[in-house]
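Only one structure is covered here, and it is reproduced in the block below.
Residue numbering restarts at 1 for every chain, and letters A, B, ... go by the order of the sequence lines.
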Number of protein chains: 2
Amino acid sequence: MSATSVGVAVDVVPLGLRDWSLHAALVPVGTTSRFAFPGGRVPPEESLDGAARRWLAHHLPRKDAFVEQLYAFGEPGRDPSSRVVSVAYLALVPRTEDAHGVQWFPCDAMPPLAYDHGAVAEKALERLRAKLSYTNVAFGLLEDPFTLADLQRTYESILGRELDRRNFRKKVLGLGLVVPIGKRRHGPHPPADLFRFAERRLVAMEIG
Amino acid sequence: MSATSVGVAVDVVPLGLRDWSLHAALVPVGTTSRFAFPGGRVPPEESLDGAARRWLAHHLPRKDAFVEQLYAFGEPGRDPSSRVVSVAYLALVPRTEDAHGVQWFPCDAMPPLAYDHGAVAEKALERLRAKLSYTNVAFGLLEDPFTLADLQRTYESILGRELDRRNFRKKVLGLGLVVPIGKRRHGPHPPADLFRFAERRLVAMEIG
DNA sequence: ACAAAAGTGTTCAAAGTACACCCATGA
DNA sequence: TCATGGGTGTACTTTGAACACTTTTGT
């Protein structure tokens, strides 16, 4: 990149649940002990969304991830020859599975991050928390089928507060966020009704 | 720009009220009869926000505009040598005043737009409508002091529906969105209390 | 039998919505 | 005096929040 131009990159923040705690996928940066989100330059023939999906797929080969643009970052650095604007993306992956050297870290205990990826992570969490409250975006974190307790734990974990079980059930059923599949899960004690999301596309709905 | 790189630009969508109807500022594009939002390349030494404010100030020299990043646009064009990613910004200007060749058009009757500025305009309106409902962002559209009728007309115009005068008053006073300045405006008939915004920085608050 | 989790309704408080009258002013 | 628009309060409805017991199952 010459000193008179600005490059474009994408960075993807892959988030997922592990043991009902939100984790982020990171890759080690060079020889340092720092980590960064997957991403890289956008070639001229590729769309931003395409580049984000490509980088996500490279590290976490899932076809069904929810991907959404977050924000364009990139203050001018000290060295003008390396000026890059990075378009950050949020990606939700239903199960936290590894591939190609990514490591999952709890979002409340992330390792030192390279570049401005601290701010990127902030933005991603903020966006996820907000969307959880007024959309059905939780479908990106949970595979069908699931119990209402699973869904509630998902919400509680990300919102950081406990929810009333009965009010939660009334809310998500009343809104039509989830629908019963007519089966039950048998586990350690009493069987629980199984559900799936009514829609697996982003839909706005006022949830608590 | 060479065929192997992607350039970065900003585009600013300046919105303001004229006769209680939302208008957008546009500049003519070259020799065509199309219009575009103000904007241009981002030099390596300038931040995105800085470039957005610079372009805004160039056309509409206000110091107090509300400016916020919207979205990064830029599908690969037909010609790879001209690939540019444009970071769009929303700008709110309290009074729709002209400068340097911009023209104001009603948002519901815009002229043909160049590039992907139709999508950019969509995004800006969507964002403004959303923020109007859960922040005090209206301060960007209205100068102090104003009457509650002024504020209500602002909301009604942008949300596209009528609001009840008494409920509106209860809401905005109860939330502390505005505070009375203790003066009244004398006009065609009975005098109206004047108000100012309690805060002129973005604050979240659940408004209807 | 007991521990652990799932299912289920009601009550109360708060917020939102609908609605009508009087008054001050300028013409 | 009249037309216009601004100011004010109440009743009703809807929504949200709090809360306890019974049932099922595996150990």
Practice prompt. Report, as a single string ordered 5' to 3', how protein heavy atoms within less than 4.0 Å touch nucleotides 17-27 of chain D: B base, S sugar-phosphate only, - not at all.
Written response: BBBB---BBB-
Given atom [atom1] of [X] and atom [atom2] of [N], what is their separation to the nearest angstrom?
| X | N | atom1 | atom2 | answer |
| --- | --- | --- | --- | --- |
| E206(A) | dT15(D) | CD | P | 13 Å |
| E156(A) | dA5(C) | CD | C1' | 14 Å |
| R153(B) | dG6(D) | CZ | C1' | 11 Å |
| R169(B) | dA18(C) | CZ | C1' | 18 Å |
| F146(A) | dA6(C) | CZ | C1' | 16 Å |
| D193(B) | dC23(C) | CG | P | 17 Å |
| D150(B) | dG5(D) | CG | C1' | 13 Å |
| F168(B) | dA15(C) | CZ | C1' | 17 Å |

Flag the pair [X] / [Y] as yes when their ring centroid distance falls below 6.0 Å, and as no otherwise.
| X | Y | answer |
| --- | --- | --- |
| F37(B) | Y115(B) | no |
| F105(A) | F35(A) | yes |
| Y71(A) | Y71(B) | no |

Inspect the contact between [Y] and [X] and indicate whether a charged nitrogen and a carboxylate oxygen are less than 4.0 angstrom apart.
| X | Y | result |
| --- | --- | --- |
| D144(A) | R200(A) | yes |
| D150(B) | R185(B) | yes |
| K123(A) | D116(A) | no |

Fill in: Candidate pair E156(B) and R161(B), rule salt bridge (Lys or Arg N to Asp or Glu O under 4.0 Å), full reasoning
CA-CA 5 Å; E156(B) 288 177 336; R161(B) 61 195 163 92; over 6 Å; no
Discussion item. Applying the side chain to side chain donor-acceptor pair (under 3.5 Å) criterion to R127(A), which one of E68(A), Q69(A), E122(A) satisfies it?
Written reply: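 Of E68(A), Q69(A), E122(A), side chain to side chain donor-acceptor pair (under 3.5 Å) with R127(A) is met by E68(A) alone.
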Worksheet item: Side chains of D49(B) and Y89(B): do they bring a donor and an acceptor to under 3.5 Å?
Response: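 Yes, a side-chain donor-acceptor pair sits under 3.5 Å.
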Discussion item. Could you work out how much the helix from dA1(C)-dT27(D) to dA27(C)-dT1(D) bends, comparing the axis of its first five pairs with that of its last five, to 10°?
Written reply: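 Rounded to the nearest 10 degrees, the bend comes out at 0°.
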